[in-house]
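Worksheet for the structure shown next.
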Amino acid sequence: MQQIKTDLSNLNDKQKEAVVSENRRVLVLAGAGSGKTKTLLQKLIHLIEEKNVNPSNILAITFTKNAVNEMIDRLIITADNSDRYAEILTNNNSTLKDKDIERYFFSKKIKWIDRVTIKTFHSLCYSIMRNFGVNEFDNKFKIVGDAKIAKNEFSKYTAGETIFEIIHKILIKNCESGDYLISLKRYILDYLIDKIHQHSHRNTTSYKGRFFTTLNGIKVRSKSEQYIADWLYRHNIKFHYEPNVNFQDFDFKPDFYIPEANLYIEHISKKSYPTKNKEEQFRIANKLLVKTYESQTKDTALFNIALERIIKNRLPANYHYTSALSFEEEFRERHKEVSDFIRQIMRVTDMIKVDNQSTQNILTKARNDQHERVRDFYKLAIPIIDTYREYCINKSYLDFNDMISRTISLFRNHTEIADKFKKKYQYILVDEFQDVNNLQVELIKLLLTRTNQLFCVGDDWQSIYGFRGSNVDFIINFRKYFRSSDIIKLNLNYRSTENIVEASNEVIKYNKYKVDKELRSSKKSSSKIHIYAGRDEDDNLDYVVEQINELQQKRGYKKEDILFLYRRSKMYYPFFERFRQEGIFVSAKTIHAAKGLEAKAVFIIGLTEGYGGFPDIWMDDRIYQIIKASKYDLLLEEERRLFYVAITRAKDELFLITEKGNESGFLREIPDSFTFRSGVPLRAIIEETNYCKKCKQRLYEEFRFCPYCGNKQ
């Protein structure tokens with residue numbers, strides 16, 4: 001085996017403690033910038049070099065392909081005495097493809113690196129299912145994703161259709177049932193177009209009191225009138241809603257007129273005006289009027305019978321009561337809303353899989369919900385989800401959650417396969433442990449024995465992917481899930497200056513649901529955090545441009561030394577436009593996308609309160625609460641962790657941009673001792689007044705002598 005570097009002198013005491021620990025269950029709680037990946041890789045090298053562990057007995061797991069590549073790159077650099085690989089990585093002329101090729105050949109050449117298993121959760125399960133999962137699933141399976149999968153390690157075996165396309169196809173097939181099609185159209189019209197569960201739009205006058213869309217696209221005044229119109233539409237009976245008539249004495253509008261039956265319908269509710277005068281007009285004109293009542297609609301079966309009795313018998317004998325309905329015809333102008341409905345189903349499907357719940361349990365829970373909208377959604381969605389699963393099995397498709405859940409099922413149902421991997425992986429190293437979800441933890445547990453070692457590295461303060469299903473409880477209560485664990489805290493930050501680290505400590509203290517640790521900085525600096533509150537967007541743009549010019553022209557910062565962060569992409573649009581005009585070219589990312597990055601100077605924009613600001617908290621739609629309830633205080637804590645991640649990307653300079661009078665609550669959590677606050681002052685409402693120092697008479701500003709007493713001013 002090639003000789004590798006095992007010098008631990010460049011590690012601090014806590015890092016050394018983690019590297020040499022022989023406890024079977026270890027969690028390294030690594031604060032931002034404390035060298036967690038370095039510690040994990042040093043642990044791997046220590047096992048091979050000092051403990052004489054066979055590299056093939058080590059499994060290192062992380063979350064993204066980029067993180068895998070970074071691990072391999074660091075190991076190659078450690079083993080490459082020629083430094084040629086480091087030169088390739090830093091060469092601006094090397095493309096990503098070039099680097100991928102070099103990475104492949106270097107790792108193959110350095111045998112101990114090639115024999116270590118370094119994978120994402122998905123690629124690990126992919127290889128297990130491909131090579132050993134034949135008794136659980138077709139080993140010639142294809143991968144299906146949310147979109148066409150880009151060229152990657154899975155691209156050779158990708159399905160020719162996406163999850164969206166499959167569900168769309170199933171939806172169309174289900175709509176061959178007229179009842180399902182009508183129920184789907186009713187759901188889309190009520191809740192995605194009319195939004196009858198929301199009342200804000202009813203304050204507008206544009207609807208003229210008509211808030212409910214019927215199946216044929218007209219607006220009516222009540223849910224029960226909508227029901228009558230839909231019944232007529234389903235039975236292919238033409239009608240006019242609120243036609244203008246004048247039989248003799250005055251104009252008025254009956255609710256419905258059915259030409260083929262020469263029949264008028266007045267629907268009576270508590271909100272209806274008296275009909276006595278109208279009825280007299282019908283009698284005078286010898287027109288047929290039938291009244292229906294709101295109370296009848298409470299029992300739809302009886303109401304259907306009543307409508308048949310009222311209408312059908314008055315239609316011509318050869319009248320066709322029903323018509324063929326088609327998906328394309330019914331939704332020809334509703335493609336966006338249909339797509340939104342499919343996206344809802346996709347998210348629900350993903351949540352059900354991550355939480356490992358059964359669709360029937362979810363449907364039972366939904367049926368008991370107090371809201372019709374939620375009940376209606378799951379009545380439509382669960383059959384689609386069940387059919388989607390059957391379709392994927394039939395086509396030998398696995399999506400990314402399926403790869404993990406099927407591997408779990410393989411280990412449970414075929415213990416000989418599980419035993420093979422338990423024996424193989426004596427040391428399991430997991431990076432970014434704060435981001436694990438239920439399925440991933442279950443997989444890890446199934447790989448563990450009483451003798452192999454689990455070594456996890458993560459930071460509960462940086463857990464920001466709850467919306468994807470990650471569960472911060474696994475790292476906060478690590479000992480509950482992995483008994484007899486040793487927890488080691490890395491609390492020395494090598495990235496950021498003292499004021500930045502201390503400020504981040506103070507901010508995160510407001511979270512109750514965390515593991516306490518106190519980070520210290522290894523970098524001394526007198527520079528404080530800059531908080532700027534402009535009067536408006538233009539003030540903030542001017543300030544930011546001025547600061548960038550200062551950093552680049554006077555302090556020698558390069559464009560890669562400056563990073564812009566924001567909660568939502570739309571916050572950056574005005575800055576992007578201004579920078580384009582100024583010829584400024586800044587790395588800019590959402591905070592989620594910036595995790596793991598760092599820069600000498602970081603600007604965090606959009607730090608305002610309320611909607612569109614930061615924190616940006618919204619309680620998920622009640623549809624999703626059926627699967628996993630969300631709590632406001634926990635959502636706020638995740639937003640604060642996101643702010644913590646943003647702050648700790650900065651190495652030397654941190655700029656927090658807000659608006660005067662609308663500052664984010666997070667800014668109030670940073671003590672003044674760590675900040676330098678500036679902004680454009682507001683003009684005084686009351687003008688400054690000058691008085692004579694001697695006689696106290698009021699003077700104009702231009703007076704040099706008091707006209708009353710002559711005193712010099």
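Small disclaimer: the values here were computed from a predicted structure and weren't measured. Throughout, numbering of the chain's residues begins at 1 and tracks the sequence.
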Hey, is the main chain of Thr213 close enough, under 3.5 Å, to the side chain of Gln226 for a donor-acceptor pair?
-> yes
Side chains of Asn361 and Lys365: does their closest heavy-atom pair fall under 4.5 Å?
-> no
Side-chain ion pair, Asp230 and Arg186, N-O less than 4.0 Å = yes
Given the side-chain rings of Phe282 and Phe247, with only the six-membered ring counted for Trp, is the space between their centroids under 6.0 Å?
-> yes
Is there a donor-acceptor contact under 3.5 Å linking the side chains of Tyr191 and Glu372?
-> yes
Flag, side chain of Ser463 to backbone of Gln434, donor-acceptor distance under 3.5 Å | yes
For the pair His168 and Phe164, name the ring-plane relationship: parallel under 30°, tilted 30 to 60°, perpendicular over 60°.
-> parallel
Do Phe256 and Tyr241 have ring centres separated by under 6.0 Å?
-> yes
Taking atom types as modelled, is there a side-chain donor on Tyr611 or Asp616 under 3.5 Å from an acceptor on the other?
-> no
Using a strict 4.0 Å threshold on nitrogen-to-oxygen distance, state whether Arg347 and Asp621 make a salt bridge.
-> no
Hey, are Lys336 and Asp340 close enough for a salt bridge, meaning a charged N less than 4.0 Å from a carboxylate O?
-> yes
If you measure only the distance, is there a donor-acceptor pair under 3.5 Å linking the side chains of Lys379 and Tyr187?
-> no
State whether a side-chain donor-acceptor pair under 3.5 Å links Thr608 with Glu659.
-> no
Check: Phe341 ring centre within less than 6.0 Å of Phe377 ring centre = yes
With under 30° as parallel and over 60° as perpendicular, where do the rings of Phe614 and Phe643 fit, or are they tilted in between?
-> perpendicular
Tyr465 versus Asn437: any side-chain heavy-atom pair under 4.5 Å?
-> no
Side-chain contact, heavy-atom cut-off 4.5 Å: Phe400 with Asp350?
-> no
Within-4.5 Å side-chain heavy-atom neighbours: Cys125 and Leu443 | yes
Partner set under salt bridge (Lys or Arg N to Asp or Glu O under 4.0 Å) for Lys570, not counting sequence neighbours | none
Do NZ/NE/NH1/NH2 and the carboxylate oxygens of Arg412 and Glu442 come within less than 4.0 Å?
-> yes
So does Lys223 pair up with Asp190, basic N to acidic O under 4.0 Å?
-> yes
Take the angle between the ring planes of Tyr572 and Phe564 and call it parallel below 30°, perpendicular above 60°, tilted in between.
-> tilted
Just by modelled atom types, is the Leu635 backbone N or O under 3.5 Å from a matching donor or acceptor in the Glu638 side chain?
-> no
In terms of side-chain geometry, is the basic nitrogen of Asp255 or Lys278 positioned less than 4.0 Å from the acidic oxygen of its partner?
-> no
Can you name the nearest heavy-atom pair linking Arg309 to Arg314, along with the distance?
-> O-NH1, 4.0 Å
Answer yes if the ring centres of Phe141 and Tyr126 are under 6.0 angstrom apart, and no otherwise.
-> yes
Is Lys512 salt-bridged to Asp633, cutoff N-O under 4.0 Å?
-> no
Under-4.0 Å salt bridge between Lys395 and Glu161 = no
Partners of Ser224 by side chain to side chain donor-acceptor pair (under 3.5 Å), sequence neighbours excluded?
-> Ser222, His267, Glu294
Measure the shortest side-chain to side-chain distance between Asp251 and Asn244 over non-hydrogen atoms and say whether it is less than 4.5 angstrom.
-> no
